[in-house]
Structures are given as structure tokens and as C-alpha cells.
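In what follows, a structure is listed as C-alpha cells, so that the remarks can point back to it.
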Amino acid sequence: MAYERILRGREGEVLFLLGNEAFARGALEGGVSVAATYPGTPSSEIGEVLFELAEAAGMYFEYSTNEKVAVEVAYAAATSGLRSLAFMKHVGLNVAMDSFISAVLMGVEGGMAVISADDPSAHSSQNEQDNRTYSLLTGVPMLEPSDPQEAKDMLVDALRMSEEHGVPFLIRSVTRVSHMRAPVRLGPLAEIRPPGSGEFRGGPGSHVPVPPRNLKWHEELLAKLSSLVPVSERSGWNRVEGSGDLGIVTSGAAYNYVHDVVSEQGIEAEILKLGMTNPLPRSLIASFLDRHDVVYVFEEVDPFLERGIREIAQMEGIDVEIRGKLSGHVPWVRETDMDVVTRSLGLELPGVPEVRVEIPRRPPVFCPGCPHRGTFWALRKAILSLRGKVKVPAVTTDIGCYTLGFNPPFGLGDVLLSMGASLGLAGGFEVASGGKPVALIGDSTFFHAGIPALINLASNDHDALVVILDNGTTAMTGHQPHPGQSATGRSISIEEVVRSITGNVRVVDPYDLEQTTEAFKEALQEPGLSVVVSRRACSLMEDALKRRRGEPIEHYRVIADRCTACGICYRFFSCPAIYAGEDGKARIDPFLCDGCGVCAQVCPFDAIVKGGD
Ligand code: SF4
Ligand code: SF4
């Protein structure tokens, strides 16, 4: 087992763990009986570890259909007295919020924590939203770790406090904490109450938020938050370090950069490191502000702390200059780093010459052998061949590897909003502009949020082509299972689901370009809702399976005498294994080629053939 050491590690032992691995160990030390997630970077590794270890640990773990379901599973467990955990990437919390807000309002019996892994700089996301704002919207208490040790320990503490105060806790991680690797001293493993041993102590109406009960719960939630203020004041997660005239307030990953700049540049500064950031330790902050004329605030993304600190200064009548994102001293957009901290403090990075290197632009492309390449090639060909006959007002796309298809050479993907949104958008474009919009959606995303939107297209009689790119896995986040390829229960057939909504469904193999192109052409020309399932397993997964089985991968090659250097294969098909030689003729890199054979179908001169040199 890849992660066995996380389960077997003894108390006091130090392991070199990724932040997300530390969260998983925290779940084991915190006695989590039920854990659920939908995979999303930068939170995915927590699920990878728990997926492997849950059974041996006596915990129930599931990959839920989406983040909302994950929170609902965890909430039901927590109202039955068990400890539970739901975790997700930041935009996943948007999906979960409808249920999470009621869960926080009504409270829990067993400890419940939700980890939101935010993505400042939007490395692998559609935005860099700051989910700390949700702690104010919902009233959920919140902790912010700065490193893997804190990630583990804060989760254990959050579960304990959640149980004590009867309210779920939010833990806000960021990419640089979830994906940072550092030594972590292990604590004792908790005794995990077996799944199935909980008991729902409520009854009819006990957890139904209707008035006037929901208003009473609102008052109770505010009282719970008030009772947590002294906890925050005393909490070891909120601490003062160093001394000096300059004051700096910081939290999360930003603390690490502040710490390094202050120590490396020998700056005399007093640092208030906040780890419990809702509710804020008001007295601790007020006395800190009182000691300084100028206080800087460094935090990831929004001026969440800065706003809270300004409010405290105003309410306590403290005369202090607060410098942060609101005052324009610290940049608001993108991650904090040492450069940001140094320049914001008005300093220069010592001895580090500015290096400017022009790096060639390399748009992200599909992997060699990726089945999406065939789907996009065929769809583009079908749309172009029907130009003037079929109006395609927009190609709406969705979240997954296939999002990359908006890049050259395919250029298919005009609008993206969120998981599952491509189908709803297609309906809107059809209403607004007429014609037959094309909606692209992956298999995991279809189960996550595409089904209600497909029902909407069918029940409102929209004219659209829905292409479900089924590669048999949640590929982009690391090949996690989904309901179509369930690891533990019954696998759900996509075409059976589609047939129950609309009878018009075709299943094609994107490695067969002629069949796939024909299917798209037919679908585009027929009236009403058409669905094409383009099915072929993710090439990375297939290659790994082949290697495990000891099966050889038969590469393709170019016969130089036949190649006319037309460039179709390397310019318009753009498999990364194919490149142009100095003579313009195509070459295939045997180390990259995975033997899919699709390029042989695009060469008009039969210059690409199977077999070695
Ligand atoms: S498509 Fe065929 S002829 Fe054209 S560059 Fe590629 S291998 Fe050569
Ligand atoms: S067979 Fe052709 S398309 Fe497939 S991986 Fe090899 S070079 Fe790329």
C-alpha cells in the first residue's frame, strides 16, 4: 500500500508528509468515522490516501457524486453522533453551500469538519475565490493552517471543538499548504467509532429548517460563535512572535513568507500569526494594534483579516495605520510570496538580481493517445463540413481535461462557467441565437452536475448536441472513480441514463475518426436534442494497465519517402509525439507515442504506419 506509513506511523514518529497527506492522518487521529469528497485539485490527495486506508482504519470513505452530496453524507453521520469529514477544492464548496449553510445553522452532535482547499493564483481552477468569506456567510468557525503539521493538528482540534460546541468547523487550506511537504510529528491514532454504530437522536421535524425554528437556530448559532471568542483568544493557533515597532498580522501560507522575509532580512517586527480566524480573537488583536503605529496584513487572496482588523480598530477606537490590500500596500490578486512581502514592506530582495527569461509559449495539449484528440478532430471536421447548412451559435465546454480543446488547433470551447454548466448554457444559446449549439461534458462531470441540465434540455425541448467525452475516469484530478466506474458499488451506464431522458443517443469510439465524424454530422443535422457518447479509456490509464500486464506498446512511425511535409499531423492534429524535422517532414518520438494509431487516419498520404523503425 502506497500510504501505509500514514496509518501505521506511531505516536511521536516524524513523517515527511504532503499537507494533504497530513490532513488524512489528522482524520485518523481525530477519529473520523465517515469521510466523503468529490476530487478536485488542490484537495485530491486527501481522498487518494483515505481511499486506500479507510477499510484498514475502520472508517467509511466514499467518492461522492459531487461536493454537495459529500457534505450531506458527512452531516448525516455527524447528526448521528459520529465524527465526519468532507473535503473539496474551493469551487466545490460553492456546490455544497446549499446544504452546508443549513448544516451549520442546525448544528451537529458528532464533530464535523469541512476542508476547503483554495487555489490562490488559480493554478488549476477557474478562479481564485477566497472561501474564508463563507465563514461569515454561514457562521461556521474556521481554522487556517500554515503547514502540514498544522494541517493535521488543526483537523484534530477542529473535530474536538466541533463536537464540544455543536457546530461544524471549516478548515481553509491553500495550494501551498496542501501541496507543501514537511516533517510532521504524529500524534496518537484515535479509536474510530465504527460506521453503523451512530444513532440519529432527532425525530420528525427535529432537523427541518422552517420558521420560526430556523430563527431560533440562528440565535443559537450566534451564541455558539460568541462562546468560541474566548476559545479563539486563548487558542495556541493565535500567537505573537518576535518584537519590534513594526506590526504584521498574517495567516495561512502567507505566514511562511512573512516569517522568512523577517528572519532573513533581520527586520525587527512583532508578528501576530492567526490560525483561528473565525471568530477572531478580538482582545488579542486590539492589544496588538494598540502596541503599534503601523500594522501590515499579509493573507492569501481577499482582505478577509484586514477587514476584521479594521473593524476591531474602529470599534475599539485604536489609532493605528493598517496597511494591506484595501489600502493598496499589498497586491490583491495572485498568491503571496517572499517577493510580494518584501516589496510591500518597501524593501528590495537583497542580492537577488532580477532575471528575465523569455520562455517559449507552450499551450497545454492533450497527451499522446488521448481519446479527446479524436473527438475534437471529428467534431471540428463535422462542424466545418456543415458550415452554411447548420448554425452552431456556440460550443460550450466544461471542467475536465477536454477543456484544453479550446486551444489551437481545435478551438472548440467558447464558454465555461462551472461543473455541468455546458448543457444549461447550450439551452440558453439555442434560445438566444437559434441553431444547434454544441455542449461538451466529461463523464465524471456529467454525473456531478450534468444530469439535471440534460433533463432541462429535454423537458424544455431544446435543440442542441451534447457530447459526453467518456474516458472512464475522473482523469484530470488523478484517475479517481466515478459512478460510471464505481470502485465499490454498482456502476451506472451513461447511455442508460441518457436514454431514460432522451431516446436519441449514439455511442462512438473516438479512435475511429470516420465513424465519430459521421455521428457528429448526423446529429448536427437532425432536429431536437442529440447526444453522442464518445467513449475510449484515458490513454494514461490504459498505458499504465498495459505496462502492469507486461503488454508491449506498438509505436507508429513515418515513412519519409511518402511524407510530403504537409503538416496536417503535427499542426492540425497536434499529438505531442509528432514533430517536424528540419525538412518539414513528420517524425514520431517512440518514447512518447502510445500506439493509438489515430494519426495514421489523418495522414492523406498513408505515410504513418504501425511498427518500429
Ligand atoms: S500528415 Fe502525413 S504527409 Fe503530412 S506531415 Fe504528417 S506524415 Fe507527413
Ligand atoms: S499513434 Fe500517432 S497519434 Fe497515437 S500516440 Fe502515436 S504518434 Fe500520437
Side-chain angles (χ1 to χ4, degrees), residues 362-382 384-385 400-412 440 442 467 469-473 475-476 479 508-520 534-613:
R362 272 197 327 174
V365 291
F366 298 128
C367 303
C370 174
H372 297 333
R373 181 174 291 102
T375 306
F376 277 87
W377 172 274
L379 181 60
R380 189 164 184 273
K381 198 168 168 190
L384 289 176
S385 72
C401 300
Y402 52 93
T403 312
L404 299 178
F406 79 83
N407 282 309
F410 302 115
L412 293 173
L440 306 170
V467 181
L469 299 100
D470 178 10
N471 60 4
T473 187
M476 196 170 65
H479 296 127
V508 296
D509 177 359
Y511 277 7
D512 183 337
L513 294 182
E514 202 180 316
Q515 177 210 29
T516 307
T517 309
E518 276 314 304
F520 286 144
S534 187
R535 174 168 298 139
R536 173 63 76 155
C538 168
S539 55
L540 288 185
M541 208 166 63
E542 278 299 285
D543 288 356
L545 283 174
K546 273 187 194 161
R547 271 188 213 106
R548 220 172 290 157
R549 292 194 295 255
E551 288 173 20
I553 292 175
E554 281 207 79
H555 307 129
Y556 277 66
R557 69 189 165 94
V558 178
I559 300 175
D561 288 348
R562 292 191 198 162
C563 177
T564 62
C566 70
I568 289 174
C569 60
Y570 55 80
R571 267 201 214 106
F572 304 112
F573 189 64
S574 99
C575 171
I578 311 176
Y579 61 99
E582 279 179 7
D583 53 3
K585 294 191 179 195
R587 311 274 196 280
I588 292 179
D589 183 339
F591 292 104
L592 288 178
C593 173
D594 100 324
C596 73
V598 184
C599 56
Q601 300 170 48
V602 307
C603 174
F605 303 99
D606 295 329
I608 302 179
V609 296
K610 195 187 220 174
D613 299 325

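Counting starts at 1 for both ligands and their atoms, in listed order. Everything numeric in this text was worked out from a predicted model, so none of it was measured.
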- Message: Give me the nearest non-hydrogen protein atom to atom 3 (S) of ligand 2 as residue plus atom name, then the distance to 0.1 Å.
- Response: Cys596 SG, 3.4 Å

- Message: If you take the nearest heavy atom of each of Cys367, Ala600, Cys593, which one is closest to atom 6 (Fe) of ligand 2?
- Response: Cys593

- Message: If we ignore hydrogens and angles and just use 3.5 Å, is the side chain of His555 paired with the main-chain N or O of Pro590 as donor and acceptor?
- Response: yes

- Note on the structure: In this structure, atom 7 (S) of ligand 2 is nearest to the protein heavy atom Ile578 CG1, 3.7 Å

- Among protein heavy atoms, which lies nearest atom 8 (Fe) of ligand 2, and at what distance? Cys575 SG, 2.3 Å

- Message: Counting neighbours of CD on Glu551 that are heavy atoms of other residues, nucleotides or ligands and sit closer than 6.0 Å, is the number greater than 12?
- Response: yes

- Note on the structure: Of all protein heavy atoms, the one nearest atom 2 (Fe) of ligand 1 is Cys603 SG, 2.4 Å

- Item | Heavy atom of the protein closest to atom 1 (S) of ligand 2 (residue, atom name, distance) | Gly597 N, 3.1 Å

- Task: Could you tell me how the ring of Phe366 sits relative to the ring of Phe376: parallel (under 30°), tilted (30 to 60°) or perpendicular (over 60°)?
- Result: tilted

- Message: Taking Pro368's backbone N and O only, do any of them form a donor-acceptor pair with Arg373's side chain (distance below 3.5 Å, no angle check)?
- Response: no

- Protein heavy atom at shortest distance from atom 4 (Fe) of ligand 1: Cys566 SG, 2.2 Å

- Query: Going by the atom numbers of ligand 1, which of them fall below 4.0 Å from some non-hydrogen atom of Ile608?
  - Reply: 7 (S)

- So the atoms of ligand 1 within less than 4.0 Å of a heavy atom of Gly567 turn out to be 4 (Fe), 5 (S)

- So, is Cys563 placed with an N/O/S atom under 2.8 Å from atom 2 (Fe) of ligand 1, counting both backbone and side chain? no

- Message: If the cut-off is 4.0 Å to any non-hydrogen atom of Cys569, which atoms of ligand 1 fall inside it?
- Response: 1 (S), 5 (S), 6 (Fe), 7 (S)

- atom 5 (S) of ligand 2 [closest protein heavy-atom partner, distance rounded to 0.1 Å]: Asp594 N, 3.3 Å

- Query: Just by distance, do the side chain of Glu554 and the backbone of Lys610 share a donor-acceptor pair under 3.5 Å?
  - Reply: no

- Find all atoms of ligand 1 within a distance of less than 4.0 Å from any non-hydrogen atom belonging to Phe605, and give their numbers and elements. 3 (S)

